[in-house]
Amino acid sequence: MVNVNINGKDIQVPAGSTILEAAKELNIKIPTLCHLDLHDIKMVNQVASCRVCVVEVEGRRNLAPACATPVFEGMKIKTDTQKAIRARRTVVELLLSDHPKDCLVCEKNTDCELQSLAADLGIREIKYEGKMSEYPIDRSSKSIVRNMDKCVLCRRCETVCNQVQTVNVLSAVGRGFDTVVGTAFDLPIHETTCTFCGQCLAVCPTAALTEVNNVSKVWNAINSKKYVVVQTAPAVRVALGEEFGMEPGTVVTGKMAAALRTLGFDKVFDTDFAADLTIMEEASEFVHRLEHGGKLPILTSCCPGWVKFFEHQFSDMLDIPSSCKSPHEMFGAVAKTYLAEKLDVKPEDMIVVSVMPCVAKKYESARPELGHGGTKDVDIVITTRELAQMIKEAGINFNELEDQDFDNPLGESSGASVIFGTTGGVIEAALRTAYEWLTKETLENVEFEALRGLDGTKEATVNINGQDIKIAVTHGLGNARALLEKIRAGEVEYHAIEIMACPGGCIGGGGQPYHHGDLSILSKRIEGIYSEDRSKTIRKSHENPMIKQLYAEFLGEPYGHKAHELLHTTYTARQKM
């Protein structure tokens, strides 16, 4: 332990702590901008590039950045001197001098950390005028917009892309005033190995990185003569309430259904139904591989960011992921066939809108193989944030809405489908079904605790019919890379693996309400997911009566010919840069 004094207060902190960490122990607030500590996913961005957190240290002539300066025995620090405060103001004023002045119409208005910082420091004028950076806006992808005029060079996106996700798309280029965070060879983002996971925009403090906004497309669809149905992903229900002042993890399923109906959608469905459908196909595929000597391990394929990652990085292993489409794509396929037939609506006259926690779903819905009979499975994808925007735009008092149910016949779901929203949930749901199919016995304890939590990689062994089935769960693409490289090298063996691109799984998706570095929010969302699972009467996908009806009336056998035609897909080997 090291003894230090901050603003006249003595404290002991572990050796190696930074001034910022020591100050937090005393509840002393030092403003930051570039700094971000996401310790739960082992990411710390402390490049000290912005200098907003400077403090005075006795014996030093120059101010020290609190986020990157380690403490030492007997260190005396002042965080609130006029010299430090003036320096912080000057730094922010200089940042604002090279920043667009369009706050009123900016995508991050009221959610921008630079804006909040300027307000806290009492900055009310642009003190410095001069040359401003000008870069073309990159709108090349279906998921992410890059506006480098709004970049403050905090390097958070670079850290999360390169260290956490190991995708290595973003890097600082140039020197001095010409420095910019760019792509290799200055390529448009859609021509890179970007997975569109959206973790870069989840940590961006400004609007340099934002999602492609599809709200106007949804309004146009609702006001058209088309039949518009909407589906909502499991993770949305435990995060949407945050946009309306509710505690993170609050389950707002009923209010969400009511809000969507109020917005004017013709039918409101739950992607949880399609998650149950996914388990029917994925568990069937796993059982088939297990009993017929198929390729193992089987990898889950629900996450489009993860799918694009292995298409680029592990194209030699394209035969091991499940061929199942993701749940919302399965729903789109069933909606434009089975449901359209029941409603007497032509598939081309139906528009399927997905509300997702994920910006990669926007890219996924445009993949050419994800369609049937000349129509796309899913037409428009919006994020949790975009749905909140629509609700606010319509003047709906979300908190006062009476709970409503989803429409049927595609609205019933099990607890197994709900847990798709968090890391470990997909494989746990698959085990609940695969166990009973293989043993012909009832699984009494459906909760697999070893597969839960925010550890980067989790393992479990489940004995089924005397055979030890080895399971692995990983979230975050860096963890996925490490695990797959071990499999490729023959160092480890598993029967089934769940992989999700985003830390925490879908609850931490790039389209969820911003957590601003507070990862306790993810834990609360996870608990909300499990609480909804526990509240369900049916907790196994194969027991869902609506799923049984769908197979009996339309699909035939799970993993059969018609199911393959509608619910399964193919993958493409992509360039590795």
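Keep in mind that the numbers below use all heavy atoms, side chains included, and drop hydrogens, waters and symmetry copies. Worth saying up front: this structure is predicted, and the values here are computed from it rather than measured.
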Practice task
Could you tell me whether the side chain of K267 reaches within less than 4.5 Å of the side chain of L343, counting heavy atoms only?
Solution key: yes

Exercise for the section: Start with the C-alpha distance between R432 and E282, add both sets of side-chain angles, then the distance that settles salt bridge (Lys or Arg N to Asp or Glu O under 4.0 Å), and finish with yes or no. Expected result: CA-CA 12 Å; R432 292 180 186 182; E282 203 159 75; over 6 Å; no

Practice task
Kindly check if the number of other-residue, nucleotide or ligand heavy atoms within 6.0 Å of CD (E341) is above 12?
Solution key: no

Problem - Backbone N/O of A333 and side chain of T337: donor-acceptor pair under 3.5 Å - result: yes

Exercise for the section: Look only at the side chain of K108 and the backbone of T206, and say whether a donor-acceptor pair between them is shorter than 3.5 Å. Expected result: yes

Practice task
To the nearest 0.5 Å, tell me how far I526 CD1 sits from T423 OG1.
Solution key: 7.5 Å

Problem - Any side-chain donor near an acceptor of the partner, K536 and S413, under 3.5 Å - result: yes

Problem - Electrostatic pair K361-E364, nearest N-O below 4.0 angstrom - result: yes

Handout entry: From CA spacing to verdict: side-chain contact (heavy atoms from CB on, under 4.5 Å), L387, L260
Key = CA-CA 9 Å; L387 174 58; L260 290 165; 3.6 Å; yes

Practice task
Flag the pair K562 and E557 as a salt bridge only when some basic side-chain nitrogen lies within less than 4.0 angstrom of an acidic carboxylate oxygen.
Solution key: no

Practice task
Inspect the contact between D379 and K217 and indicate whether a charged nitrogen and a carboxylate oxygen are less than 4.0 angstrom apart.
Solution key: no

Handout entry: Within 6.0 Å of NZ in K142, more than 12 heavy atoms from elsewhere
Key = no

Practice task
Return yes when atom CG of D468 has more than 12 non-hydrogen atoms of other residues, nucleotides or ligands closer than 6.0 Å, and no otherwise.
Solution key: yes

Exercise for the section: With K325 as the cation and F331 as the aromatic partner, state whether NZ or CZ is under 6.0 Å from the six-membered ring centre and within 45° of the axis. Expected result: no

Exercise for the section: Find the distance between CD1 (I464) and NE2 (H495) and round it off to the nearest 0.5 Å. Expected result: 9.0 Å

Handout entry: Derivation and outcome, side chain to side chain donor-acceptor pair (under 3.5 Å), residues Q512 and T384
Key = CA-CA 5 Å; Q512 294 280 67; T384 309; 2.6 Å; yes

Problem - Residue pair L431 / V462, side-chain heavy-atom distance below 4.5 Å - result: yes

Practice task
Check whether any side-chain heavy atom of F273 lies under 4.5 Å from a side-chain heavy atom of S417, and answer yes or no.
Solution key: no

Problem - Contact check, side chains of V334 and F554, non-hydrogen atoms, under 4.5 Å - result: no

Practice task
Apply salt bridge (Lys or Arg N to Asp or Glu O under 4.0 Å) to the pair E243 and K392, showing each step before the final yes or no.
Solution key: CA-CA 9 Å; E243 294 282 346; K392 293 171 184 177; 3.3 Å; yes

Practice task
Looking only at non-hydrogen atoms, find the nearest pair between Q165 and A501 and report the distance.
Solution key: NE2-O, 2.8 Å

Problem - Any D377 side-chain heavy atom under 4.5 Å of K336 side chain - result: no

Exercise for the section: Can you label the angle between the Y363 ring and the F196 ring as parallel, tilted or perpendicular, going by 30° and 60°? Expected result: tilted

Problem - Candidate pair E532 and T253, rule side-chain contact (heavy atoms from CB on, under 4.5 Å), full reasoning - result: CA-CA 9 Å; E532 177 137 318; T253 311; 3.0 Å; yes

Handout entry: Minimal non-hydrogen separation, L477 against W306, with atom names
Key = CD2-CA, 4.1 Å

Problem - Distance-only donor-acceptor check, side chains Q389 and N213, under 3.5 Å - result: yes

Problem - side-chain contact (heavy atoms from CB on, under 4.5 Å) between F309 and C303, worked out - result: CA-CA 10 Å; F309 180 76; C303 170; over 6 Å; no

Handout entry: Over all atoms of both residues, closest heavy-atom pair of M330 and T278
Key = SD-OG1, 3.4 Å

Problem - Salt bridge K255-E400, side-chain N to carboxylate O under 4.0 Å - result: no

Exercise for the section: Give a yes or no on whether the backbone of I419 and the side-chain of T422 come within a donor-acceptor separation of less than 3.5 Å. Expected result: no

Handout entry: Side-chain (N479) to main-chain (H475) donor-acceptor, under 3.5 angstrom
Key = yes

Practice task
State, to 0.1 Å, how close V355 and T383 come at their nearest heavy-atom pair, and which atoms those are.
Solution key: CG1-O, 4.1 Å

Exercise for the section: Evaluate the side-chain proximity of L550 to P409: yes if any heavy-atom separation is below 4.5 Å, no if none is. Expected result: no

Practice task
Could you tell me which non-hydrogen atom of A239 sits nearest to which non-hydrogen atom of P513, and how far apart they are?
Solution key: O-CG, 3.4 Å

Problem - E527/R534 salt bridge by N-O under 4.0 Å criterion - result: yes

Handout entry: D37 side chain vs N45 backbone, donor-acceptor pair below 3.5 Å
Key = no

Exercise for the section: Show the numbers, then the answer: is there a salt bridge (Lys or Arg N to Asp or Glu O under 4.0 Å) between E553 and K342? Expected result: CA-CA 11 Å; E553 292 182 1; K342 280 188 170 293; 3.4 Å; yes

Problem - Salt-bridge criterion met for R385 and D111 (N-O under 4.0 Å) - result: no

Problem - Main-chain N/O of T232 paired to T271 side chain as donor or acceptor, under 3.5 Å - result: yes

Practice task
Scan residues 537-548 for pairs that pass side chain to side chain donor-acceptor pair (under 3.5 Å), counting only residues two or more places apart or in two chains.
Solution key: D276-S541, D276-N544, T433-H542, E436-K540, E436-H542, E447-R539, D533-R539

Exercise for the section: Please step through side-chain contact (heavy atoms from CB on, under 4.5 Å) for the pair V44 and L36, ending with a clear verdict. Expected result: CA-CA 6 Å; V44 180; L36 188 65; over 6 Å; no

Practice task
Could you tell me whether E493 and K470 make a salt bridge, using a distance below 4.0 angstrom between a side-chain N and a carboxylate O?
Solution key: no

Handout entry: Min side-chain heavy-atom separation M390-I396 under 4.5 Å
Key = no

Handout entry: Expected output: side-chain E291 to main-chain F286 donor-acceptor under 3.5 Å
Key = no

Problem - Which residues share a side chain to side chain contact (heavy atoms under 4.5 Å, CB included) with K24, sequence neighbours left out - result: L20

Practice task
Give a yes or no on whether a salt bridge exists between K524 and E247, defined as a side-chain N under 4.0 angstrom from a carboxylate O.
Solution key: yes

Practice task
Could you tell me whether the side chain of T300 and the main chain of C302 form a donor-acceptor pair under 3.5 Å?
Solution key: no

Problem - Pairwise side-chain contact, C324 with S301, heavy-atom cut-off 4.5 Å (strictly under) - result: yes

Exercise for the section: Any chance you could lay out the salt bridge (Lys or Arg N to Asp or Glu O under 4.0 Å) test for K226 and D266, step after step, and finish with the verdict? Expected result: CA-CA 9 Å; K226 301 280 188 177; D266 293 300; over 6 Å; no

Problem - Backbone of G425 reached by a side-chain donor or acceptor of E498 within 3.5 Å - result: yes

Practice task
State whether the side chain of R289 and the backbone N or O of L296 hold a donor-acceptor pair below 3.5 Å, judged by distance alone.
Solution key: no

Handout entry: Aromatic contact, F310 with Y571 (centres under 6.0 Å)
Key = yes

Practice task
May I ask you to check whether Y559 and H568 place their ring centres under 6.0 Å from each other?
Solution key: yes

Practice task
Please name the pair of heavy atoms, one in G421 and one in A235, separated by the smallest distance, quoted to 0.1 Å.
Solution key: O-CB, 4.0 Å

Exercise for the section: Give a yes or no on whether D405 atom CG has more than 12 heavy-atom contacts from other residues, nucleotides or ligands under 6.0 Å away. Expected result: no

Exercise for the section: Go through the side-chain N and O atoms of Q231 and S354 and say whether any donor and acceptor fall under 3.5 Å apart. Expected result: yes

